A.B. asks: 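I am attaching a structure below and will ask some questions about it afterwards.
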Amino acid sequence: MTDSPLRLLLDFDARSQRDQDQPPAFLHRRDRKFALTCAEQGQAPNARRWLEHMAHLSGPGSKAGAGQKTLRRWRRINTGFAFGGAVFGCLTMLGLLFYEGGQRINITVILAFVALQLLLALFTTAQSLVGWQPWRWLLRRLASERNSETTSRLQPMLMARAAHLGGISFAATGVLTLLLMVVVQDLAFGWSTTLDTGASGYHQLLTALAAPWAALWPELWPAAVPDLALVEATRFFRAGAGAGADTIAPDRWGHWWPFVTMLWISWVLVPRLLLFLASILLLRHKARQLLTNHPGMHALLYRMETPTLDTGNHHNDAADLPDTDTLISLQPLPDSNLLLCWAGAGDPALPQTLVGEHTQLFRAGGRASLAEDQTALADIANQLAASPEPAVVVITRSWEPPTGELEDFLASARELWPTGARVALVPLSLDSEREPEPHQLSQWLRFADRLDPGFASVSAPRLHWRDPHADLLPEPGFEPGTESRKLP
């Protein structure tokens, strides 16, 4: 296992994604055991040892992880950039050194091109620092699989490293092409500009550009720093091509090549090398930072530090839902003028379809005292005694589960009320004009099933007024002639 932070991060990210398919209890036991083993061996558990342990558990012949695939893909990208940079460096230098016999190679054009290369190198580093990815479209074409969030956050610096590697190849092949052209051809340099610039000002500019190698190696290559006489002698104008050219020796035109070589090396090749090294250091720092803050690392540390609780039960019943089926269904509302509002249900107003001219309203439960409950039971019993088909409509709140208090109240009612008396539970929703939801009715059906289907039932009558002449067809979900709907 390598100590490279980038390789470590990619392997850890790939392993964390694979662990997402494993049960949490298994991961906790596995990683806790690894931490205890490290403690016995006197080693501190870390990401590298954990990955080695995972590789050991996987055994030989395990497939290459996504981290290795990512690294191989970026090696191909780096190779492509290096090859492309080498080709373009050679062609670019040939283009810069191309000239016809009657003209000169303009040093000003070479200076402008060197400045452009330096700006591109600085721009590449800046875009990686701010996280901008102008090459995203290229990476999407090259990547066969979708990158993880960790890999996506690394892409700006990985692409900057590839771009700098291509820039190094560009600069290296460019200077090699220059030296080759110096050997095989007589290059005639000169300088020209439309601006009204004197030779002394141009010489000061060249002296400033040559300061790095003039300060480091003043005696090594003095010809690499052009003097004022050479600058004054090699200025040319295209309109007067050939004029004045005979006044200086032909070899003076070629004295510029040491300066051009050092200019290319110092301001194109060396900056690319330095920025390439900087991109590697920034990439390693970014990889360490992402590994430390990786969500999988926090989960791994928690699993390694906390003990596991093994109950011996390997069955996880978290996904098992309770049986909500009932054997009873909604029943039609009985013909009764006795209405009992339980625990404040029906406040502030009952639906008009439940209240008639002869309706007798009772209240019990909730804030009512036990004495008031007993009074309601006794009054209803008196009314039921004179009824040939004794029935009571009990209004409840559909969103509240049935309580033991209501169950005790109905148990007392069954003992006190006449034999054969029936109770119809009518759960009301928050909007008293709308029918309650099916899952709210289900809990009341199960409650009535526990009591006694022959004594208690659940009804969901129509609670809004309907024009009887508007439509003779029943609404969906309602049983014809029963005024109650079916549960889905």
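These numbers were taken from a predicted model, which means no experiment stands behind them. Hydrogens, waters and symmetry mates play no part in the numbers below; they use all other heavy atoms, side chains included.
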A.B. asks: Is it the case that atom NE2 in His285 sees more than 12 heavy atoms from other parts of the structure closer than 6.0 Å?
C.D. replies: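 Not buried by this count: 12 neighbours or fewer within 6.0 Å.
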A.B. asks: Mind checking salt bridge (charged side-chain N to carboxylate O under 4.0 Å, His left out) for Asp19 and listing every partner two or more places apart, or none if nothing turns up?
C.D. replies: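 Once residues adjacent in sequence are excluded, the partners of Asp19 under the salt bridge (charged side-chain N to carboxylate O under 4.0 Å, His left out) criterion are Arg30.
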A.B. asks: Is a donor on one side and an acceptor on the other found under 3.5 Å between the side chain of Glu372 and the backbone of Ser369?
C.D. replies: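 Side chain of Glu372 to backbone of Ser369: a pair is present.
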A.B. asks: May I have the step-by-step check of side-chain hydrogen bond (donor to acceptor under 3.5 Å, both in side chains) for His28 and Arg303, ending in yes or no?
C.D. replies: CA-CA 5 Å; His28 201 163; Arg303 294 194 296 265; over 6 Å; no
A.B. asks: For a 4.5 angstrom cut-off between non-hydrogen side-chain atoms, does Thr37 reach Gln41?
C.D. replies: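 Answer yes - side chains close enough.
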A.B. asks: Look only at the side chain of Ser387 and the backbone of Leu384, and say whether a donor-acceptor pair between them is shorter than 3.5 Å.
C.D. replies: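 No.
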A.B. asks: Any side-chain heavy atom of Leu428 sitting closer than 4.5 Å to one from Thr396?
C.D. replies: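 Counting from C-beta outward, Leu428 and Thr396 never come under 4.5 Å.
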A.B. asks: Would you compute the distance between atom CG of Leu338 and atom OG1 of Thr359 and round it to the nearest 0.5 angstrom?
C.D. replies: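 That separation rounds to 9.0 Å.
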A.B. asks: For Pro45, is there any backbone N or O sitting under 3.5 Å from a side-chain donor or acceptor partner on Trp50?
C.D. replies: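 No, because the side chain of Trp50 does not come within donor-acceptor range (under 3.5 Å) of the backbone of Pro45.
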A.B. asks: Within the supplied structure, the quantity of interest is the number of heavy atoms (other residues, nucleotides, ligands) at a distance under 6.0 Å from Asn293 CG; does it exceed 12?
C.D. replies: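 For Asn293, atom CG is crowded (more than 12 foreign heavy atoms under 6.0 Å).
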A.B. asks: Search all heavy atoms of Trp267 against all heavy atoms of Val114 and return the closest pair with its distance.
C.D. replies: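 Scanning both residues, the minimum pair turns out to be CB-CG1, 3.5 Å.
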A.B. asks: Please state whether the rings of Trp264 and Phe113 are parallel, tilted or perpendicular, taking 30° and 60° as the class boundaries.
C.D. replies: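 Geometry flag for Phe113 against Trp264: parallel rings.
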A.B. asks: Tell me, yes or no, whether the heavy-atom count around Leu370 atom CG, taken from other residues, nucleotides or ligands under 6.0 Å, exceeds 12.
C.D. replies: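 For Leu370, atom CG is not crowded (no more than 12 foreign heavy atoms under 6.0 Å).
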A.B. asks: Kindly say whether Ala424 contributes a backbone atom to a donor-acceptor pair with the side chain of Ser459 at under 3.5 angstrom?
C.D. replies: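 Answer holds: no.
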A.B. asks: Report yes if some heavy atom in the side chain of Trp74 is under 4.5 Å from a heavy atom in the side chain of Leu158; otherwise report no.
C.D. replies: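 They are in contact (side-chain heavy atoms under 4.5 Å apart), so the answer is yes.
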A.B. asks: Could you state the interatomic distance from OG1 (Thr292) to NE2 (His294), rounded to the nearest 0.5 Å?
C.D. replies: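 Result: 11.0 Å between the selected atoms.
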A.B. asks: For the residue pair Leu51 and Arg15, what are the closest heavy atoms and their distance?
C.D. replies: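 So the two residues come closest at CD2-CB, 4.1 Å.
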A.B. asks: Between His164 and Thr125, is any side-chain donor less than 3.5 angstrom from a side-chain acceptor?
C.D. replies: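 The answer is yes; a qualifying pair exists.
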A.B. asks: Might you work through the side chain to side chain contact (heavy atoms under 4.5 Å, CB included) test for Leu6 and Leu10, ending with a clear yes or no?
C.D. replies: CA-CA 6 Å; Leu6 177 60; Leu10 294 177; 4.0 Å; yes
A.B. asks: So with a 6.0 Å cut-off around CZ of Arg422, is the heavy-atom count from everything else above 12?
C.D. replies: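 No.
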A.B. asks: Can you tell me if Arg272 uses its side chain to pair, donor with acceptor, with the backbone of Ala171 under 3.5 Å?
C.D. replies: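 No: the side chain of Arg272 does not pair with the backbone of Ala171.
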A.B. asks: If you define the side chain from C-beta out and look only at heavy atoms, does anything of Ile380 sit under 4.5 Å from Gln383?
C.D. replies: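 SC-SC contact between Ile380 and Gln383 ruled out.
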A.B. asks: With rounding to the nearest 0.5 Å, note down the distance linking CG in Leu118 to CG in Leu122.
C.D. replies: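 Interatomic distance, Leu118 CG to Leu122 CG, rounded to 0.5 Å: 5.0 Å.
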A.B. asks: Mind listing the closest non-hydrogen atom pair of Met304 and Asp31 along with its distance?
C.D. replies: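 Closest pair (atom of Met304, atom of Asp31, distance): CG-O, 3.4 Å.
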A.B. asks: With respect to Trp444, which candidate in Asp449, Val426, Leu425 satisfies the side-chain contact (heavy atoms from CB on, under 4.5 Å) definition?
C.D. replies: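 Option passing the side-chain contact (heavy atoms from CB on, under 4.5 Å) with Trp444: Leu425.
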A.B. asks: Does the distance from a Lys or Arg side-chain N to an Asp or Glu carboxylate O, for Asp11 and Arg7, drop under 4.0 Å?
C.D. replies: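 Salt bridge: yes.
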A.B. asks: Do the rings of Phe455 and Trp417 sit parallel, tilted or perpendicular, given the 30° and 60° boundaries?
C.D. replies: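 Tilted.
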A.B. asks: Examine the side chains of Gln440 and Ser398 and answer whether a donor and an acceptor come within less than 3.5 Å of each other.
C.D. replies: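 Yes - a donor-acceptor pair under 3.5 Å links their side chains.
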A.B. asks: Quick one: are Leu120 and Gln117 in side-chain contact, heavy atoms under 4.5 Å?
C.D. replies: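 With C-beta onward as the side chain, the pair touches.
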A.B. asks: In sequence, state the C-alpha distance, the side-chain angles, and the governing distance for Arg49 and Phe34, and then conclude on side chain to side chain contact (heavy atoms under 4.5 Å, CB included).
C.D. replies: CA-CA 9 Å; Arg49 291 195 177 95; Phe34 164 73; 4.0 Å; yes
A.B. asks: Could you report the tightest heavy-atom contact between Thr173 and Gly85, atom names first, then the distance?
C.D. replies: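 The pair with the smallest heavy-atom distance is OG1-O, 3.9 Å.
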A.B. asks: Of all the heavy-atom pairs spanning Ile280 and Arg161, show the shortest one and how long it is.
C.D. replies: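 Scanning both residues, the minimum pair turns out to be CG1-CD, 4.1 Å.
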A.B. asks: To the nearest 0.5 Å, how far apart are CZ in Arg73 and OG1 in Thr70?
C.D. replies: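 OG1 of Thr70 is found 5.0 Å from CZ of Arg73.
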A.B. asks: After noting the C-alpha distance and the side-chain angles of Val268 and Val175, does the key distance pass the side chain to side chain contact (heavy atoms under 4.5 Å, CB included) rule?
C.D. replies: CA-CA 10 Å; Val268 179; Val175 74; over 6 Å; no
A.B. asks: Decide whether Gln17 and Asp13 meet the rule of one side-chain donor and one side-chain acceptor closer than 3.5 Å.
C.D. replies: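 Yes, Asp13 and Gln17 have a side-chain donor paired with an acceptor closer than 3.5 Å.
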A.B. asks: How long is the gap from CZ on Phe409 to CG on Leu416, to the nearest 0.5 Å?
C.D. replies: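 Reported to 0.5 Å precision, the distance equals 9.5 Å.
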A.B. asks: Taking the side chain as every heavy atom from C-beta outward, state whether Val458 and Gln331 have any pair of such atoms under 4.5 Å apart.
C.D. replies: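 With C-beta onward as the side chain, the pair stays apart.
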A.B. asks: Please check if the side chain of Asp373 supplies one atom and the backbone of Gly365 the other of a donor-acceptor pair under 3.5 Å.
C.D. replies: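 Here the side-chain-to-backbone pair exists.
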A.B. asks: List the residues meeting salt bridge (charged side-chain N to carboxylate O under 4.0 Å, His left out) with Arg397, not counting sequence neighbours, and say none if there are none.
C.D. replies: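 Residues passing salt bridge (charged side-chain N to carboxylate O under 4.0 Å, His left out) with Arg397: Glu400.
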A.B. asks: The test is side chain to side chain contact (heavy atoms under 4.5 Å, CB included); show your working for Met157 and Leu154 and say whether it passes.
C.D. replies: CA-CA 6 Å; Met157 293 193 174; Leu154 283 174; 5.8 Å; no
A.B. asks: For residues Leu209 and Pro212, report the shortest heavy-atom separation together with the two atoms involved.
C.D. replies: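 Leu209 and Pro212 have their closest heavy atoms at O-CD, 3.2 Å.
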A.B. asks: Tell me whether Glu389 at atom CD has more than 12 heavy atoms from other residues, nucleotides or ligands lying less than 6.0 Å away.
C.D. replies: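 No - once you tally the heavy atoms of other residues, nucleotides and ligands closer than 6.0 Å, there are 12 at most.
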A.B. asks: Are Thr403 and Phe447 close enough that some pair of their side-chain heavy atoms sits under 4.5 Å apart?
C.D. replies: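 A side-chain contact is absent here, since even the closest heavy-atom pair is not under 4.5 Å.
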A.B. asks: Could you grab the distance from atom SG of Cys341 to atom CG of Leu361, nearest 0.5 Å is fine?
C.D. replies: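 Cys341 atom SG to Leu361 atom CG measures 4.5 Å (nearest 0.5 Å).
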A.B. asks: Any sub-3.5 Å donor-acceptor pair from Thr92's side-chain atoms to Gly89's backbone N or O?
C.D. replies: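 No: the side chain of Thr92 does not pair with the backbone of Gly89.
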A.B. asks: Is Cys90 close to Phe170 at the side-chain level, that is, under 4.5 Å between some pair of heavy atoms?
C.D. replies: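 Side chain of Phe170 against side chain of Cys90, heavy atoms only: no contact under 4.5 Å found.
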A.B. asks: Any donor and acceptor pair, going by atom type alone, linking the side chain of Ser336 with main-chain N or O of Ala391 inside 3.5 Å?
C.D. replies: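 Confirmed, Ser336 side chain pairs with Ala391 backbone.
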